[in-house]
Number of protein chains: 2
Amino acid sequence: MRRSAAQLRVLDAALDLIAEHGVSGTSLQMIADRIGVTKAAVYHQFKTKEAIVIALTERELGWLEEALEAAEAEPNHTAGRELLLTRVVELAVERRRMVSVLQFDPVIIRMLAQHEPFGVFIDRLYTAMLGEETGDRARVHAAMLSGVISVAVMHPLVADIDDALLRNELLRTMRRIVALPG
Amino acid sequence: MRRSAAQLRVLDAALDLIAEHGVSGTSLQMIADRIGVTKAAVYHQFKTKEAIVIALTERELGWLEEALEAAEAEPNHTAGRELLLTRVVELAVERRRMVSVLQFDPVIIRMLAQHEPFGVFIDRLYTAMLGEETGDRARVHAAMLSGVISVAVMHPLVADIDDALLRNELLRTMRRIVALPG
DNA sequence: GTCTATAGAATGATAGAC
DNA sequence: GTCTATCATTCTATAGAC
């Protein structure tokens, strides 16, 4: 999706505010104030508040999609999985603020579950991350993986921790959970 | 804190709704409707919406406090830590719905950080969970622990997973993270 | 403990001028 | 692309009767 400069300004402001207050805690007035325009100007870029949230989610999942495609293209399965996990951790550390929103905001969770293309993508992602593992235990592992990543990256305890240390500890722990060598 | 029956009805309804919509996404009207009274009746029990959120948080942290005191009373440190982790996992599995609210709702996160007694308690809890570990790496481990627990328990992927399996996998993974035998 | 009624502010959203 | 002005609705919160 090609977006205008004005649209990108809205999305950036919305991301900031939503990361801090959640979707329900962020109003269009707050977004408008942050950019320095009126509500009407924001509504000219996106028809509804939901459209902003969808555009935001699409943009963030886009990074993950690139990583997923690279991993699926890798002929060696284990290598592909290793690649994906590494990239997911890197992305999560890089874009810390968005992680909590995507994983835990009740409005976004609802949206991911109801909006068809999102659900398909999430399934594909978890399948690739788990490799040959299947069944109930695999699902618990997948949930734990996503938990380790998201929380390790957003928790107040680690707010001032060096990116490199965070990345390393995360990767080590993830490898232990999914039993990859490392 | 001793609560009347009417107050408990408010807290139970609020917990349900907040687990589903978040704090900002839950209005006093929704709470009143769920109980079958008017807003004014709810306001008679709690002066503000924030007071409801605080009372809710206190009630849930109360369970953890009992577990923490039992662990601190244990003369053998490793045994105390083992006891605490086990109890925390049990509680999280039992009370799945509240976990996501306590850990990830932006309003509650703010409150836990600003409300003095809450911050003190959280520090005490993490210290006990980590045992002799200290420094940056310990903080990353603490964050990952809380992530594994909370997400493993609330993730859509595990919504229909048996409590016993969830508890076991969680405990095994946590032991690997904090390097406890088991 | 619950009600009706209301105040006052904020919400999402739209119409129409520039 | 942005503005002013406005609408209907919802929000938190309070006053006062039963």
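Chain letters run A, B, ... following the sequence lines, proteins first and then strands; every chain starts at 1.
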Drop me the distance from A:His141's NE2 to B:Arg172's CZ, to the nearest 0.5 angstrom.
-> 6.0 Å

Of all the choices, C:dT11, D:dT14, C:dT14, which nucleotide is nearest to the side chain of A:Tyr43 once you look at every atom?
-> C:dT14

Taken to the nearest whole Å, CZ/A:Phe46 to P/C:dT14 is 15 Å

Can you check the B:Leu28 CG to D:dC11 P distance for me, whole Å?
-> 9 Å

How far apart are the closest heavy atoms of B:Arg81 and B:Ala128, and which atoms are they?
-> CG-O, 3.3 Å

Take atom CZ of B:Arg9 and atom C1' of C:dT2, then tell me their distance rounded to the nearest Å.
-> 11 Å

Among the nucleotides D:dC11, C:dG1, C:dT14, which one has an atom lying closest to any side-chain atom of B:Ser4?
-> C:dG1

What integer distance in Å separates A:Ile31:CD1 from D:dT2:P?
-> 14 Å

Along DNA chain D (nearest heavy atom to each residue), the more 5'-positioned of A:Lys39 and A:His44 | A:His44

Is B:Arg139 reaching over with its side chain to a backbone N or O of A:Leu157, donor-acceptor style, under 3.5 angstrom?
-> yes

Specify the residue among B:Ala40 and B:Ala6 whose closest nucleotide of DNA chain C lies further upstream toward the 5′ end.
-> B:Ala6

N/O (side chain, A:Gln45) to phosphate O (OP1/OP2, D:dT2) under 4.0 Å = yes

May I ask you to verify if any side-chain N or O of A:Thr38 is less than 4.0 angstrom from the OP1 or OP2 atom of D:dT2?
-> no

Given the side-chain rings of A:His155 and B:Phe104, with only the six-membered ring counted for Trp, is the space between their centroids under 6.0 Å?
-> no

Close side-chain approach of B:Met1 to B:Arg59, heavy-atom, < 4.5 Å | no

Taking atom P of D:dT10 as reference, at what distance in whole Å does atom NE2 of B:His21 sit?
-> 15 Å

Short side-chain N/O contact from B:Gln7 to OP1 or OP2 of C:dG1, under 4.0 Å = no

Separation of A:Met30 atom CE from C:dA9 atom P, in whole Å?
-> 19 Å

To the nearest Å, how far apart are A:Gln29 CD and C:dA13 P?
-> 14 Å

